[in-house]
Amino acid sequence: MNSIAPELIAELKEKKEPDKGLPPLELKGALVMRFAPNPNGPPTIGSARGIVVNSEYTKKYHGKLIIRFDDTDPATKRPMLEAYDWYLDDCEWLGAKPDEVIIASDRIAKYYEVAEQLIKKGGAYVCFCEQEEFKALKDAKKACPHREEAAEKNLGFWKKMLSGEYEEQEAVLRIKTDITHKDPAIRDWVAFRIIRTPHPRPQVGDKYVAWPLLDFEGAVEDHLLGTTLIIRGKDLTDSETRQRYVYKYMGWTYPETMHWGRVQIHEFGKLSTSGLKKAIAEGTYTGWDDPRVPTIRALRRRGIRAEALRKFMIDLGLGETDISLSLDTLYAENRKLIDPIANRYFFVWNPVELEIEGAEPKVAKAPLHPAKKELREIPVGTKVLVCQSDVDILKEGERLRLKDLYNIEITGISPLRAKFIGTDMDLVKKEKARIIHWAPPDGLKVRVLSPDGEYTGIGERGIEKELDKVVQFERFGFVRIDSVSDVGVVAYFTHK
RNA sequence: GCUCCGAUAGUGUAGCACGGCCAAUCAUGUCAGACUCUCACUCUGACGACUGGGGUUCAAAUCCCCAUCGGAGCACCA
């Protein structure tokens with residue numbers, strides 16, 4: 001076979017190895033995609049999926065990527081002023097710099113225009129029903145009295161809505177769908193409501209009282225922006241059916257859509273943006289980049305590479321099933337990137353002093369990285385620090401190796417004492433003695449902030465030169481050196 | 001309750017549009033071993049799945065039906 005038709009073999013192989021990760025797209029024309037967050041908090045790991053998947057497709061198919069801030073709720077999901085920049089910053093970090101940035105609250109007038117046209121076409125009406133009253137009617141597949149009002153009259157009501165003559169809850173603009181639609185979620189949905197709370201953006205402030213809901217704002221924007229493909233969470237699947245009514249009235253073409261299921265991360269559980277906001281305000285977390293928090297900022301601070309996060313997200317694919325995953329895979333991905341470049345250092349947490357008899361002061365030499373020749377030098381006297389967790393399993397008389405230093409025999413547990421017994425590696429090779437790491441008593445104070453708490457101890461000198469770099473604390477894990485000061489070094493735990 | 005959607009190893013995923021190349025891919029995980037002056041890395045090996053039941057067919061992970069389980073929407077949130 002190989003000799004008669006090698007190209008067939010190649011073709012078969014190609015079929016067997018389709019695009020790993022994201023499914024290929026069947027495009028009819030140019031690709032325009034958007035990522036549309038509400039900036040009511042910083043981008044989370046969940047946002048990263050949207051950012052990465054959208055950008056991956058637009059990169060692959062030479063499309064256009066738009067980031068659109070859906071910030072049309074000044075009250076319930078109130079936008080956070082800093083978050084706009086955080087999104088742009090994290091997008092850029094993730095290699096997803098958008099071609100265009102749109103802020104919905106700057107474009108309210110455009111939504112008003114469409115609303116007016118819809119009213120004129122008889123596709124929308126101002127409804128004065130109380131919420132429960134309308135729900136009862138809707139559930140019974142019955143129209144409310146306002147539904148049949150003439151377009152002219154509705155136009156008048158609409159103008160009053162805009163000029164602030166109605167209070168909150170008093171009037172809404174509804175899109176006329178099919179009041180008997182088999183799915184109650186579709187029946188005459190709300191497009192605009194009154195909100196008296198000023199918008200946090202000073203450019204907008206109290207300029208408007210009639211605010212569009214997401215389904216309306218998104219419908220208009222996706223048309224205006226020329227979006228050709230929408231990928232979003234499956235919680236928004238019904239939006240498509242609702243929005244299609246607007247598109248039908250206006251004679252627009254609806255974009256293609258794809259949806260993904262909910263993602264839950266084991267390590268973080270069910271943390272909502274509002275829940276996090278509260279926990280931060282209460283001081284449970286130190287901020288939006290606390291290592292225990294599922295934001296992109298936190299991962300960055302911990303030394304996770306954008307490349308690893310991208311691959312992680314792409315490998316998830318686009319399933320509609322809800323998924324529940326562990327960050328282990330992300331860590332494994334990241335480890336592949338940082339292990340070859342991270343320098344190695346000793347860090348002793350919960351240090352215990354160990355006095356060594358018969359040891360001459362010397363300078364220990366250890367490789368900066370196991371694959372490289374460069375050495376780091378650590379001056380040692382007759383005392384070293386070792387981890388409490390190593391001491392816990394130590395027995396008197398045990399012989400062991402202090403890594404890159406020399407061999408000792410334990411002569412006492414408390415206080416901890418040992419005697420120098422040589423430098424020969426045979427102790428490890430023939431006697432299978434344990435090797436533990438250590439630090440000089442006059443080393444650097446180090447604090448490591450990790451998702452499961454804080455570790456404090458002493459690290460060898462040299463760590464202070466690695467500011468902002470990811471290093472490996474041997475037998476501990478990878479950390480990013482976050483700050484270096486007189487009081488010591490602060491590191492953020494990356495992963496094992 | 002009404003309306004949609006989904007289900008492949010512990011986890012995530014490929015395969016499903018067009019049934020046979022599938023005793024099912026890849027990654028991660030776990031365990032064992034090799035290497036190593038780290039419990040890291042690397043290498044080797046092992047473990048582990050088509051939700052269940054019917055049907056169609058020579059042939060079903062793939063098509064059809066039912067059941068079960070899971071999720072989403074039914075907001076003047078996004």
Side-chain angles (χ1 to χ4, degrees), chain A residues 12 15-21 23 36-40 70-73 75-79 127 129-131 134-135 138-139 141 168-174 181-187 189-195 210-211 213-215 217-218 232-239 241-242 259 261-263 266 273-274 311-312 314-333 335-336 338-340 342 344 346 366-367 369-371 389-390 401-407 423 425 427-429 433-437 472-478 495-496:
Chain A
L12 273 177
K15 253 192 162 172
K16 275 238 156 177
E17 289 292 323
D19 279 308
K20 278 274 150 56
N38 174 10
N40 63 338
D70 284 346
D71 60 345
T72 58
D73 176 9
T76 320
K77 290 202 172 163
R78 189 173 173 79
C127 175
C129 290
E130 278 191 26
Q131 223 165 314
F134 186 86
K135 185 178 170 22
K138 181 191 75 177
D139 287 345
K141 301 187 179 179
E168 288 188 12
Q169 310 287 322
E170 203 181 331
V172 293
L173 186 76
R174 288 188 186 276
H181 196 285
K182 60 178 179 171
D183 184 352
I186 307 305
R187 301 172 196 159
W189 50 277
V190 174
F192 283 86
R193 81 299 211 188
I194 308 284
I195 296 176
W211 285 93
L213 277 101
L214 175 74
D215 279 335
E217 177 264 331
R232 57 188 167 196
K234 72 171 182 186
D235 48 323
L236 262 21
T237 36
D238 284 342
S239 283
T241 319
R242 285 196 281 256
H259 297 95
R262 258 175 61 121
V263 182
H266 292 153
T273 302
S274 51
K311 181 158 195 311
F312 179 67
I314 288 167
D315 284 350
L316 291 186
L318 278 180
E320 278 201 43
T321 326
D322 295 321
I323 52 179
S324 168
L325 37 93
S326 144
L327 253 22
D328 281 346
T329 315
L330 172 66
Y331 295 157
E333 216 58 69
R335 194 178 293 117
K336 282 180 203 156
I338 60 175
D339 183 75
R344 270 54 171 174
F346 290 153
H369 187 281
S389 52
D390 282 326
R401 170 93 178 168
L402 292 175
K403 190 170 188 284
D404 301 307
L405 187 60
Y406 45 57
N407 306 327
T423 59
M425 273 310 284
L427 182 77
V428 171
K429 293 202 167 127
R434 289 199 296 140
I435 298 171
I436 65 169
H437 70 292
Q472 188 196 48
F473 286 164
E474 292 197 43
R475 304 211 302 144
F476 179 78
F478 293 92
H495 47 66
K496 265 285 188 193

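All chains are named by letter (A, B, ...) in the order of the sequence lines, taking the proteins before the strands, and each is independently numbered beginning at 1. Keep in mind that this is a model prediction, so the values were computed, not measured.
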- [ ] Check whether any side-chain nitrogen or oxygen of A:Thr241 sits under 4.0 Å from OP1 or OP2 of B:C4, and answer yes or no.
- [x] no

TODO: Could you run through nucleotides 28-47 of chain B and give me one letter per nucleotide, 5' to 3': B if any protein heavy atom sits under 4.0 Å from the base, S if only the sugar-phosphate is that close, - if neither?
DONE: S--------BBBBS------

- [ ] Verify the contact: side-chain N or O of A:Lys182 to OP1 or OP2 of B:C74, cut-off strictly under 4.0 Å; return yes or no.
- [x] no

Task: Identified pairing partner of B:A23, criterion: Watson-Crick or G-U wobble below 3.5 Å - done: none

Open item on the list: So, does A:Arg193 get its side chain near the phosphate of B:C77, meaning an N or O under 4.0 Å from OP1 or OP2?
Closed with: yes

Task: Nearest-neighbour nucleotide for the A:Ser324 side chain, B:A78, B:G73, B:G12 considered - done: B:G12

Open item on the list: Return the pairing partner of B:U57 with a 3.5 Å limit on both distances, Watson-Crick or G-U wobble; otherwise return none.
Closed with: none

- [ ] Write down the partner of B:G33 under the Watson-Crick or G-U wobble criteria, each distance required to be under 3.5 Å.
- [x] B:C43

- [ ] Would you kindly give the NZ-to-C1' distance between A:Lys77 and B:A78, to the nearest whole Å?
- [x] 4 Å

TODO: For A:Lys138 and B:A75, give me the distance from atom NZ to atom C1', rounded to whole Å.
DONE: 8 Å

Open item on the list: Judged by each residue's nearest nucleotide on RNA chain B, which is more toward the 5′ side, A:Pro37 or A:Ala185?
Closed with: A:Ala185

Task: d(CG, A:Asp322; P, B:U51) in whole Å - done: 17 Å

Task: Partner nucleotide, any strand, of B:A72 [Watson-Crick/G-U, under 3.5 Å] - done: B:U3

Open item on the list: Under a 3.5 Å cut-off for both contacts, is B:A9 paired Watson-Crick or G-U wobble with anything, and if yes, with which nucleotide?
Closed with: none

Open item on the list: Whole angstroms only, please: what is the CG-C1' distance between A:Asp183 and B:C4?
Closed with: 7 Å

- [ ] Rounded off to whole Å, could you give me the CG-to-C1' distance for the A:Leu213 and B:C77 pair?
- [x] 8 Å

- [ ] Taking salt bridge (Lys or Arg N to Asp or Glu O under 4.0 Å) as the test, write out the residues that go with A:Asp235, two or more places apart.
- [x] none

